[in-house]
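Worksheet: one structure, shown below.
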Amino acid sequence: MIVMKFGGTSVESREAMQRAAAIVRARIERRPLVVVSAMGKTTNKLLAIAAAAVRGERESALSQLEDLRAFHLRESIGVENEIEAHFTELGELVRGLAVMGEMTPRAVDAVSSFGERISSLIAAEMFRRCGLNAAHIDSRDFIVTDARHTQAAPLFDETNRRLAAIAKMTGVVVMGGFIGSTRDGVTTTLGRGGSDYTAAIAGAGVGAEEIQIWTDVDGMLTADPAILPGGYRVKTCSFAEAAELAYFGAKVLHPATVLPAIEKNIPVRILNSRRPESEGTLIVAEAPACSSAIRSIACKRNITLVNIVSTRMLMAHGFLHRIFEVFDRFETPVDMLATSEVSVSVTIDNTRSLDPIRAELEKFAQVSVEQDQALVCMVGDHIRTSPGVAARVFGAIRQINVRMISQGASLLNISFVVAARDLAHAVESLHKEFFTDPDPTAFE
Ligand code: ASP
Ligand code: MG
């Protein structure tokens with residue numbers, strides 16, 4: 001079996017669904033199990049509707065809901081009754097939220113689950129009309145999770161037991177991504193972007209030979225196209241590189257996707273549903289050697305640098321502990337870290353709790369904050385074994401003021417922080433340095 005996951009843009013309309021059907025049909029002998037995201041931006045819209053309801057904007061919520069209903073009816077065929085039934089249920093939920101005026105994580109999941117519940121019904125019917133023998137299943141009967149609503153974690157033993165039944169089914173099974181349910185049958189979701197995760201969980205559960213992530217780009221590129229157009233497609237990369245790239249801002253793949261796949265050693269392929277003939281990017285446990293030390297340049301904008309200085313802490317132990325305890329208490333992840341005897345610099349991208357964090361840190365240190373920074377991350381399995389990579393990196397950007405550097409934690413990245421205004425220049429210079437004459441076995 002193979003798992004074929006189609007993201008929001010790959011099922012955003014009837015035409016997109018028909019394209020997906022043709023892609024599935026062309027691979028029918030590999031026994032596809034299909035996982036779909038919500039159509040287009042449906043999840044965002046559902047969350048906006050719920051938020052409006054809770055704010056007391058009942059009429060606005062209901063009219064947005066009506067737009068979403070009309071959209072799904074317009075972009076589907078043959079499942080009007082099911083769609084109506086779902087929107088009736090959803091309407092009741094939204095009215096309830098408007099009355100309650102508050103939204104629990106459990107209610108968020110109840111609302112946001114509708115995107116995938118409906119898109120999977122529509123996709124299954126569209127596939128049937130395109131001549132496929134498609135069967136719809138409700139993912140909530142298969143993906144069993146804990147009760148951490150909006151970020152639920154699968155209970156793998158139970159989930160795998162249930163998924164095993166799918167391997168015995170005939171025809172093309174279609175299921176929604178992102179959603180699951182607790183043992184008690186309460187609807188949960190795996191976190192935003194979670195359909196990739198569903199694909200990996202399902203792939204591991206049915207023992208798939210490959211997991212295909214169908215999206216709207218040709219796979220991973222050597223540089224973020226929004227910053228540097230004209231990068232090359234990365235033909236193959238390792239699981240570790242993919243995770244690192246995703247962590248540092250490459251938007252094509254949810255990092256958690258790789259976990260169940262790594263464990264079972266299942267290759268993951270990122271493919272473009274608008275250009276199915278492109279080979280995409282293959283992610284495997286170990287990528288074949290190539291002559292480039294760098295596989296790709298990822299970057300993350302809107303980074304905030306926090307510098308923490310305390311001469312009082314000179315020679316004292318426990319300084320890092322105190323600092324991290326503060327970030328931890330305010331549930332703010334730290335991306336990158338550099339230390340000296342009396343100072344620590346960290347980067348964060350979630351600044352929601354920056355003010356209280358700062359106030360807490362100022363109880364024992366001087367704190368300065370620099371906004372509008374960007375993180376550039378060069379990723380490659382062979383950075384550690386290729387002498388001179390750092391020299392080439394910093395040679396390429398010698399005109400740029402680098403605020404912070406980190407190499408080593410994972411052995412496969414060199415990352416640094418620059419002012420956001422220098423980002424494009426930095427990426428361009430680095431790309432020229434490392435990809436002017438790319439190894440054709442690894443890049444195209
Ligand atoms: N529909 C969900 C979201 O937008 C899950 C996904 O598309 O992966 O986050
Ligand atoms: Mg996604």
Side-chain angles (χ1 to χ4, degrees), residues 3-13 16-17 20 33-51 64-65 68 71-72 75-76 83 86-87 90 93 103 105-124 136 138-140 142-143 145 148-154 174-181 187-204 211-217 219 242-243 246-247 249-261 268-274 283 350:
V3 171
M4 302 179 72
K5 178 259 174 177
F6 292 91
T9 51
S10 301
V11 289
E12 67 189 354
S13 62
M17 293 254 189
L33 162 60
V34 174
V35 175
V36 293
S37 285
M39 294 174 72
K41 296 255 170 284
T42 297
T43 310
N44 289 349
K45 289 179 182 159
L46 287 166
L47 292 171
I49 289 167
Q64 291 175 60
L65 187 62
L68 199 58
F71 161 78
H72 281 90
E75 297 300 342
S76 64
I83 294 176
H86 278 80
F87 274 93
L90 184 52
L93 207 51
M103 188 152 59
R106 177 173 166 157
V108 173
D109 280 351
V111 172
S112 61
S113 69
F114 276 87
E116 273 75 5
R117 286 164 64 185
I118 298 172
S119 68
S120 54
L121 277 169
I122 294 176
H136 177 259
D138 188 334
S139 297
R140 296 173 300 167
F142 293 86
I143 309 293
T145 72
R148 272 186 59 209
H149 286 284
T150 74
Q151 281 296 337
V174 180
M175 65 193 282
F178 182 54
I179 59 178
S181 73
T187 298
T188 54
T189 67
L190 303 175
R192 293 304 308 271
S195 294
D196 293 347
Y197 196 23
T198 305
I201 297 165
I211 296 165
Q212 302 183 341
I213 306 290
W214 289 87
T215 176
D216 55 1
V217 292
Y247 179 71
K251 283 166 216 75
V252 279
L253 187 80
H254 192 287
T257 298
V258 295
L259 293 176
V268 176
R269 204 183 271 282
I270 302 171
L271 292 152
N272 187 348
S273 65
R274 290 174 184 278
I283 303 167
N350 174 350

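Each ligand, and each atom within it, is numbered from 1 in the order the structure gives. Keep in mind that the numbers below use all heavy atoms, side chains included, and drop hydrogens, waters and symmetry copies.
Here's the thing with Phe178: none of its N/O atoms is less than 3.5 angstrom from an N/O atom of ligand 1.
Put simply, part of Glu116 is less than 4.0 Å from ligand 1, judged by heavy atoms. Proximity of Gly194 to ligand 1 is established by a heavy-atom distance of less than 4.0 Å. Residue contact check for ligand 1: Gly8 places no non-hydrogen atom closer than 4.0 Å to it.
No salt bridge links Arg274 with Asp216; every basic N to acidic carboxylate O contact stays at or beyond 4.0 Å.
Using modelled atom types, one finds a donor on one side chain and an acceptor on the other under 3.5 Å when comparing Thr189 with Asp109. In the model, Thr188 has no side-chain atom that pairs as donor or acceptor with a side-chain atom of His149 under 3.5 Å.
Atoms of ligand 1 found under 4.0 Å from any heavy atom of Ser37, numbered from 1 in the order shown, are 6 (C), 7 (O), 8 (O). Shown in contact with Arg192 at under 4.0 Å from a heavy atom are these atoms of ligand 1, numbered in order with element: 3 (C), 4 (O), 9 (O). The Ser195 neighbourhood of ligand 1 comprises atoms 5 (C), 6 (C), 7 (O), 8 (O), with distances under 4.0 Å to a heavy atom of that residue. The atoms of ligand 1 that sit less than 4.0 Å from any heavy atom of Thr43 are 1 (N), 2 (C), 3 (C), 4 (O).
Rounding to the nearest 0.5 angstrom, the gap separating the CZ atom in Arg117 from the CD1 atom in Ile83 is 13.0 Å.
Taking the ring axis of Tyr197 as reference, the NZ or CZ atom of Lys5 does not stay both within 45° of it and closer than 6.0 Å to the ring centre.
Using bins of under 30°, 30° to 60° and over 60° for the plane-to-plane angle, the ring pair His72/Phe87 lands in the tilted bin.
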